[in-house]
2 protein chains.
Amino acid sequence: MAVQTVASSGHPTVDLGSAAALSCRECSHRVPLGPVFACEECFGPLEIAYDFSAYDTEELRHRIEAGPANVWRYAPLLPVPANVADRPHLNPGWTQLVKADNLARELGVTGGLYVKDDSGNPTHSFKDRVVAQALEAARAFGFTTLSCSSTGNLAGAVGAAAARAGLRSCVFIPHDLEQGKVVMAAVYGGELVGIEGNYDDVNRFCSELIGDPAGEGWGFVNVNLRPYYAEGSKTLAYEICEQLGWRLPDQIVVPIASGSQLTKIDKGLQELIKLGLVEDRPYKIFGAQAEGCSPVSTAFKAGHDVVRPQKPDTIAKSLAIGNPADGPYVLDIARRTGGAVEDVTDAEIVDAIKLLARTEGIFAETAGGVTVGVTRKLLKDGVLDPGKTTVVLNTGDGLKTLDAVAGTGLTATIRPTLDSFREAGLA
Amino acid sequence: MAVQTVASSGHPTVDLGSAAALSCRECSHRVPLGPVFACEECFGPLEIAYDFSAYDTEELRHRIEAGPANVWRYAPLLPVPANVADRPHLNPGWTQLVKADNLARELGVTGGLYVKDDSGNPTHSFKDRVVAQALEAARAFGFTTLSCSSTGNLAGAVGAAAARAGLRSCVFIPHDLEQGKVVMAAVYGGELVGIEGNYDDVNRFCSELIGDPAGEGWGFVNVNLRPYYAEGSKTLAYEICEQLGWRLPDQIVVPIASGSQLTKIDKGLQELIKLGLVEDRPYKIFGAQAEGCSPVSTAFKAGHDVVRPQKPDTIAKSLAIGNPADGPYVLDIARRTGGAVEDVTDAEIVDAIKLLARTEGIFAETAGGVTVGVTRKLLKDGVLDPGKTTVVLNTGDGLKTLDAVAGTGLTATIRPTLDSFREAGLA
């Protein structure tokens, strides 16, 4: 089994570029690269430690700028082999950083407002970024099945990426998911298994499967491949800075589900500073949640260091993780950088989706409504500085959460005559 | 009214880059650039004539390659001002040309098979390309409302582009359109007017409106701005060649609705040859229709020069134009280049959507099922040469036509136990 081969050797036997080892976030214990996710000493989460010592700043910048228009332009900073761009991948990333001047006017932002629009990814969510990294790790460890538990975006991202790569996929979902979501996940032709139970039951089953011989050869992107998977979110930080002309934003608003994306964006920004690719100056990271699933926001406002789990009840399903694994790290980062964590109601989410669509022509998933809604709220409360360069993330596509704006409709109905047109006051 | 001002002057008063005049496709009569679409001499369709004489091949190639990762890298070859990339646009284009090796293996193609995947555009269809050109023309002619008749992709593309550009939009649709499609079009906040009648009634009403004072200041992207709008399809040809390393494909399979896209792709390829950007060698263009709306395919097979209208009945709604305006030109091009026009049944369309998703992780709209299905059929019939470089267009996104694959579902349902997993034969 790949786990043992790699973990028991003193050195990694895999080529994952500048990724040097796995390091525990809690106790800094290091282990060789392998499909493990929890520290054997303290059960803390493992993350990738890199050796970037060979890089010259200007050479690296040139290499990145000459790279492909996708995440693989940052291959030197990711846990992937140098030739990754030549392998079959969906090639996500390098999505548009939209200068949102109309939205800025409505919100009173004068320092420059940008929307990082990840609905432009191949399966239309940021999940393509993380799955791409997990896929390379799966190849490195000899896994032949790519798997995950999911209730939405991740299922499609895994199914599509595995299809392109010629791997088997097996995605586990609650058996009573809405038909539309089932179709979006099933169309890629992998195994799509309904579990009789809720999402917690699905997750519990997947953890059991990983520990069982039946799960041998299976790479669960968000479980045993999680350290690799999570690194994909760094590419959001890299792209934002490069698209701003190799400059840090002053303020960045990030949605919180598990909290992993926010912590890895911070990691990415710190790496760019250390590598000399951006000037070292302060930035603030803000977390955004739905009120109906706001464990991190609640802890932030109460001044707590621990996050108390909640039972999610919100239209922002892709953020509905009641017990976010990276919650405490998010609190650290928001406090360290001078940011904040805030939440908005479902009604505010819907309003924000419509606001973004009306001003910028971007149709966001509910998660995008959360970040735009929180941005509006934090500006109103004087927490976000309207005079600073601000980046708001849209991590998904409105076509996947049409129900949220189902009330939107015709502005008029007329007969096919000019008289009827004039009567409706449309001229 | 803008029409008269421009059309009555001896010289164009607008800056639309290298666009020099409008020229009749039938009688070559030229008129100055303006919001007109039919020849005053013979009622033939007008198209843009350019003056490319100032371009040096190598300079132009360098300028394009140094341009933005969207359609505006080709601004020198489009009817737009030189500074177009600095204006608010959705910035479509530069979508992925996917090397479809898995699909190639299934279909027995050995000469290189590529899918040009336009689902990556901002509103997830190729319509963003054409609307972007119409929007610049609307600005040039002083129009303040961007409009169209539509039953789908175009409505969203116009609504979103107008929102970004800060123009008013007013989109006309049949009043009884499916709720999902209404939402997709309405979310951008423009006027969305339901017309009591079918799509033909909507079109007839729009033509009336253009001729009436009530329509003053209105730019209908696919009517009075059609000559500009249509040029957007040339960018598909440019991108394919540049992404192949400035090389013509041997064979290209294009969907046919009005036929405009296919004729403009041919125009784009011819321009690249004349400009010296690609080597002048033969290429073949193949047109793809659904059997339930196959007027061009029927004419091609019968050896006719005229296209007899049909009443559409197919799941490929975005191609369901029973009386395609550019049909005769498509016949010309298919015959001149040694290509063909073919059609597939709705069942073959669904099969092809699944085939593309399963092999390449691309979830295509029904129109993509048409091109992939026709490619498979033409290969089987020996009409397409499997040893040649072949490009297949996917012009839209499967999320917009979920109904077509609604039969897709779970491969198994199990209890959340390892025993149940083993029993299902999934290990």
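The chains referred to below are lettered A, B, ... by the order of the sequence lines, with proteins before strands, and numbering in each begins at 1.
The two residues A:Gly409 and B:Leu192 come nearest to each other via the heavy atoms O-CD2, 4.3 Å.
Put simply, of B:Lys99, B:Met184, B:Gln96, the one with the most heavy-atom pairs under 4.5 Å next to chain A is B:Gln96. Among B:Ala424, B:Gly159, B:Ala406, B:Pro416, the residue making the largest number of heavy-atom pairs under 4.5 Å with chain A is B:Pro416. Of the listed residues B:Val202, B:Asp397, B:Leu177, B:Asp403, the one with more heavy-atom pairs under 4.5 angstrom with chain A than any other is B:Asp397. Annotation: maximal heavy-atom pairing with chain A below 4.5 Å, among B:Val182, B:Val183, B:Thr123, B:Val187, occurs at B:Val187. Interface remark: of the candidates A:His175, A:Glu360, A:Gln179, A:Glu360 forms the most heavy-atom pairs closer than 4.5 Å to chain B.
Between B:Asp201 and B:Arg204 there is a salt bridge, since a side-chain N of the basic residue sits under 4.0 Å from a carboxylate O of the acidic one. The pair A:Arg422-B:Asp212 counts as a salt bridge, with a side-chain nitrogen and a carboxylate oxygen less than 4.0 angstrom apart. A:Lys127 and A:Asp118 are not joined by a salt bridge, as no carboxylate oxygen comes within less than 4.0 angstrom of a charged side-chain nitrogen. Between A:Arg415 and B:Glu196 there is no salt bridge, since none of the side-chain N atoms of the basic residue sits less than 4.0 Å from a carboxylate O of the acidic one. Under the 4.0 Å criterion applied to side-chain N and carboxylate O atoms, B:Arg73 and B:Glu239 are not assigned as salt-bridge partners.
Heavy-atom distances place both the backbone and the side chain of B:Leu426 under 4.5 Å from chain A. Heavy atoms of A:Ile173 lying under 4.5 Å from chain B belong exclusively to its side chain. Using a 4.5 Å cut-off between heavy atoms, B:Glu191 touches chain A through backbone and side chain atoms alike. Within the 4.5 angstrom heavy-atom criterion, atoms from both the backbone and the side chain of B:Glu208 approach chain A. Interface remark: B:Val98 contributes side-chain atoms only to the contact with chain A (heavy atom separation under 4.5 Å). With a 4.5 angstrom heavy-atom cutoff, B:Thr95 does not touch chain A via any of its atoms. If you measure heavy-atom distances from A:Ser169 to chain B, you find no contacts under 4.5 Å at all. Within the 4.5 angstrom heavy-atom criterion, only side-chain atoms of B:Arg168, from C-beta onward, approach chain A. Looking at A:Ile362, the atoms closer than 4.5 Å to chain B (heavy atoms on both sides) sit in the backbone and in the side chain alike. In this structure, the portions of A:Asn91 lying under 4.5 Å from any heavy atom of chain B include both its backbone and its side chain.
With A:Pro92 as the partner, the side-chain contact (heavy atoms from CB on, under 4.5 Å) test is satisfied by one option alone out of A:Asp128, A:Val131, A:Asn70: A:Asp128.
Ring geometry for A:Tyr188 against B:Phe363 counts as perpendicular: the plane angle is over 60°, on a 0 to 90° scale with 30° as the lower cut.
Defined by atom type and a distance below 3.5 Å, a donor-acceptor pair is present between the side-chain atoms of A:Ser119 and A:Asp117.
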